Amino acid sequence: MKLIVKARWRRRLGPVQISGELGLPASTVHAVLVRCRINRLSHIDRITGEPIRRYEHNAPGAMIHVDVTKFGNIPDGGGWRFVGKQQGDKKRAAAPDKPRSATRDPLMGLAFVHTVIDDDSRIA
């Protein structure tokens with residue numbers, strides 16, 4: 001295994017070339033490279049041989065990723081996908097505490113989920 005990884009890092013060889021040199025099947029060499037997460041040459045920097053990182057921040061909080069996902073609220077007792085179209089329409093129409101639209105349909109509203117991931121520590 002060490003010889004396979006060494007050949008990959010030092011000379012940037014593919015699984016077929018490494019298997020020819022070491023006398024191992026190409027499928028075995030590929031399996032080892034996948035296990036070590038170095039199976040794609042495009043993921044390795046050509047000059048230094050290090051894995052490519054698109055950006056790097058050395059302090060927690062230096063860069064964060066924010067994602068906002070919008071969901072439609074589900075009526076009490078389940079929505080139409082769970083209970084069926086007819087029963088779902090009845091449950092939706094029987095929502096007494098919801099404001100009504102111009103056509104008297106209840107406005108169920110929306111819910112938002114905010115996700116923040118720190119770039120340095122990858123903690124959500």
Side-chain angles (χ1 to χ4, degrees):
M1 184 168 140
K2 288 183 180 181
L3 293 174
I4 296 171
V5 173
K6 191 181 213 181
R8 179 60 149 208
W9 284 126
R10 296 247 169 112
R11 299 200 335 260
R12 318 283 192 283
L13 297 176
V16 175
Q17 291 88 3
I18 294 172
S19 68
E21 285 188 5
L22 301 179
L24 296 170
S27 60
T28 303
V29 173
H30 178 70
V32 170
L33 294 175
V34 168
R35 234 179 297 145
C36 295
R37 295 184 180 170
I38 54 173
N39 58 320
R40 299 262 178 183
L41 282 173
S42 62
H43 296 168
I44 301 171
D45 185 35
R46 291 175 191 248
I47 298 169
T48 63
E50 295 296 318
I52 293 176
R53 291 192 66 177
R54 297 286 180 220
Y55 43 81
E56 197 169 309
H57 294 275
N58 55 2
M63 182 177 196
I64 58 172
H65 305 273
V66 179
D67 182 36
V68 180
T69 307
K70 180 169 62 171
F71 294 101
N73 288 338
I74 299 172
D76 295 336
W80 69 269
R81 289 178 194 249
F82 181 71
V83 297
K85 192 67 172 152
Q86 279 185 327
Q87 189 67 27
D89 287 342
K90 286 180 189 175
K91 287 182 183 282
R92 188 168 186 264
D97 58 335
K98 300 291 181 188
R100 302 286 171 161
S101 70
T103 59
R104 303 292 299 148
D105 291 329
L107 298 172
M108 298 310 294
L110 299 170
F112 297 91
V113 176
H114 294 73
T115 307
V116 179
I117 300 174
D118 182 39
D119 180 60
D120 180 59
S121 61
R122 301 290 188 209
I123 293 176

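These numbers were taken from a predicted model, which means no experiment stands behind them.
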* Asked: Does R11 use its side chain to pair, donor to acceptor, with the backbone of I18 at less than 3.5 Å?
  -> no
* List the atom of P15, the atom of R8, and the distance in Å for their closest heavy-atom pair. => CD-NH1, 4.1 Å
* Could you give the distance from NE2 (H30) to CG (L33), rounded to the nearest 0.5 Å? -> 7.5 Å
* To do: Could you tell me which non-hydrogen atom of S19 sits nearest to which non-hydrogen atom of P25, and how far apart they are?
  => CB-C, 3.9 Å
* Would you mind reporting whether V32 and L24 have side-chain heavy atoms less than 4.5 Å apart? => no
* Treat each ILVMFWY residue as a node, draw an edge where side-chain heavy atoms are under 4.5 Å apart, and state whether V34 and M1 are in one component. => no
* Do L13 and E21 come close enough that some side-chain heavy atom pair is under 4.5 Å? -> yes
* To do: Could you tell me whether the side chain of D118 and the main chain of G61 form a donor-acceptor pair under 3.5 Å?
  => yes
* **M63, CE atom: more than 12 neighbouring heavy atoms under 6.0 Å** => yes
* Keeping the roles fixed (side chain from Q87, backbone from G84), state whether a donor-acceptor pair exists under 3.5 Å. => no
* Structure fact -> Heavy-atom closest pair (G72 atom, L110 atom, distance to 0.1 Å) is CA-CD2, 4.0 Å
* Asked: Below 4.5 Å, heavy atoms only, C-beta onward: do T69 and T115 meet side chain to side chain?
  -> no
